[in-house]
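Report on the following structure.
Side chains included, hydrogens not; waters and symmetry mates left out as well; all remaining heavy atoms used. Along the sequence shown, residues carry numbers from 1.
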Amino acid sequence: ANNIKSEAKMAGGGFSDAGTLKRAHLYQYKITGYFIFSCIVGALGGALFGYDLGVSGGVTSMDDFLIQFFPKVYEKKHAHLAETDYCKYDDQILTLFTSSLYFAALVSTFGASSVTKTKGRKASILAGSVSFFIGAILNAAAKSITMLILGRILLGVGIGFGNQAVPLYLSEMAPAKVRGAVNQLFQLTTCLGILIANLVNYGTEKIHPWGWRLSLGLATVPAVFMFIGGCLCPETPNSLVEQGRFDEGRAVLEKVRGTPNVDAEFDDLIEASREAKSIKNPFQNLLLRKNRPQVIIGAFAIPAFQQLTGNNSILFYAPVIFQTLGFGSGASLYSSVITSVALVVATLISMAFVDKFGRRAFFLEAGAEMIICLVAMAIVLSVEFGKGKELSYGVSIFLVIVIFLFVLAYGRSWGPLGWLVPSELFPLEIRSAAQSVVVCVNMIFTALVAQFFLVSLCHLKYGIFLLFAALIVLMSCFVFFLLPETKQVPIEEIYLLFENHWFWKRVVGEGKNTSGSSSNV
């Protein structure tokens, strides 16, 4: 009977859907200590990413660092000329220091995909932490720009592996009812990483001339934690089943769910993995008609949109932006601490409510708030800024508050959901491949936005904030019309949402009859 059922499921036939839907309510779980430990260690991958995001923006505004590697930028920064207000830090090599990491992450995520699929999620997490550790040491000891950029590339490889495996690890470990909150641990540790990095920069800025080395070197700490934790953590049941280690998979599932009654969930895993096995080339399968909505929404639109909100640019360069906007050096690091606190608070709000109100509500409500903040920022800057003088106290405070509100909105919507939604959309057979595309698209856009943000700030001036606002209007429309609600839907049944969606059912519909034969090709 099982075979018949899985055949029917592969053909995407209507009559098997009732069977799959019947099983989900049979899933049982308790929140166990073992499960919590696994999730916390898994989520440390976010801390690597966050620490790095936070640290690089601060280091690139430290004088000692600029004197040693970018003397021209240092001179430009200290010459208070009328025309350099928006253009203080416009240096392509300096920007390359930041974005080389994202280009490396983007390439390495495809290597990570095959490791994640064949050796398991855990192997990728371990490989990522080792590469990150070596990169951090190279950066701290850097004597030349080459060493710096080489270190950044190794950090990037670490992040490519981590960001590929961690969201999958968390989504697969979590019971469907709390998957949203658990998956957002990744975003939470990312935000905590950013916050810690900003506090570290605030301290090391006062240590001359090697404070920046300490900032970059401390990135070894989360890497060590992640490596030790990775050795102690279990592999996900989905991954063990995918590797054909059924008994281990069952044992881990029982341990993580805190109950021996896991038959329904385990049968679903075996079925999903049997389907995954029939697929020789998962990357080719991303193009199948039945997977098209997930690929368009999850692998391309959401990761690209996440960067096009303009938030990472604001975070990356918060210290730089605040300095460019005429806050003093210490004050600018201080204000970046404020923005990273906003991120942590926002992620906690999102974790608490995302499984209750759903993903769409957060996207739309926070999107509106972000548009208002960006427009307000543009108006103030157009009136007050760029005349070669520092901003008045009141205006500066207003800008910090607006950026704070913007980050608060992003941190409960596009920030965490940009990783959560893609990781829950894909069927097991293409999950690892799709997650690579997610990371790749995310990194391409992060790198592009990072590489061109300071140049655009220089040329478009306040118009860049209006550009981001217009993009958020487009994204909100996309979410409103095309993203089905995924809260509390078991991960192996998400595909049914698209078969019943007003728009996507046309896209998937015609492919239904062929998907059975094509998935065996």
Side-chain angles (χ1 to χ4, degrees), residues 49 52-61 66 69-70 72-73 76-77 83-107 109 145 148-149 152-153 155-156 159-160 163 194 300-325 332 336 339 370-371 373-375 377-378 381-382 385-386 403 406-407 410 414-415 418 438-475:
F49 187 40
D52 198 86
L53 272 180
V55 113
S56 40
V59 167
T60 46
S61 68
L66 292 173
F69 297 106
F70 302 99
K72 283 203 187 88
V73 181
K76 214 195 289 187
K77 175 180 156 182
E83 69 277 8
T84 59
D85 278 352
Y86 278 107
C87 303
K88 264 187 208 173
Y89 289 92
D90 179 13
D91 177 308
Q92 286 296 305
I93 306 282
L94 178 64
T95 324
L96 187 67
F97 163 73
T98 302
S99 51
S100 57
L101 176 132
Y102 302 98
F103 289 117
L106 165 175
V107 174
T109 184
I145 291 190
L148 262 187
I149 288 182
R152 294 290 290 173
I153 288 172
L155 290 176
I159 282 175
N163 284 14
I194 294 174
F300 292 106
I302 289 182
F305 289 169
Q306 189 192 31
Q307 296 312 319
L308 295 173
T309 53
N311 180 74
N312 267 5
S313 329
I314 288 177
L315 277 185
F316 261 174
Y317 295 117
V320 176
I321 288 177
F322 285 133
Q323 262 185 13
T324 307
L325 298 180
S332 71
S336 352
T339 48
M370 286 157 81
I371 294 163
C373 290
L374 286 167
V375 172
M377 222 162 12
L381 291 178
S382 68
F385 185 66
I403 288 181
F406 174 83
V407 172
Y410 169 88
W414 285 98
V438 173
V439 175
C440 179
V441 170
N442 194 300
M443 293 300 159
I444 287 175
F445 279 88
T446 308
L448 289 174
V449 172
Q451 195 66 34
F452 297 113
F453 177 71
L454 290 177
V455 191
S456 332
L457 184 63
C458 186
H459 296 296
L460 295 174
K461 306 196 166 28
Y462 58 84
I464 188 164
F465 297 111
L466 293 175
L467 175 68
F468 283 132
L471 288 168
I472 297 175
V473 172
L474 292 175
M475 300 172 203

I302 vs W414 side-chain heavy atoms within contact, under 4.5 Å: yes

Heavy-atom closest pair, residues S99 and A447: CB-O, 4.0 Å

Interatomic distance, F69 atom CZ to I149 atom CD1 [nearest 0.5 angstrom]: 10.0 Å

Spacing of Y102 atom OH and N442 atom CG [to the nearest 0.5 Å]: 10.0 Å

Verdict with supporting geometry, T309 and L471, side chain to side chain contact (heavy atoms under 4.5 Å, CB included): CA-CA 7 Å; T309 53; L471 288 168; over 6 Å; no

Test item: T109 side-chain N/O and L106 main-chain N/O as donor-acceptor pair under 3.5 Å: no

Interatomic spacing from CG in L101 to OG in S56 - rounded to 0.5 Å: 7.5 Å

Minimum heavy-atom distance G415-Q306, with the two atoms named: O-NE2, 2.8 Å

Worked verdict on N311 versus F468 for side chain to side chain contact (heavy atoms under 4.5 Å, CB included): CA-CA 9 Å; N311 180 74; F468 283 132; over 6 Å; no

Separation of L460 CG from L467 CG (nearest 0.5 Å): 7.0 Å

Nearest non-hydrogen partners of A469 and V375, listed with the distance: CB-CG2, 4.2 Å

Side-chain heavy-atom pair T339, F406 within 4.5 angstrom cut-off: no

Shortest non-hydrogen separation from A105 to I159 and the atoms involved: CB-CG2, 4.3 Å

For V449 against Q307, the heavy-atom pair lying closest together: CG2-O, 4.2 Å

4.5 Å side-chain heavy-atom contact, N163 and F49: yes

Partner set under side chain to side chain donor-acceptor pair (under 3.5 Å) for D52, not counting sequence neighbours: R152

Pairing residues for F103 by the ring-ring contact (aromatic ring centres under 6.0 Å, His included) criterion, not counting sequence neighbours: none

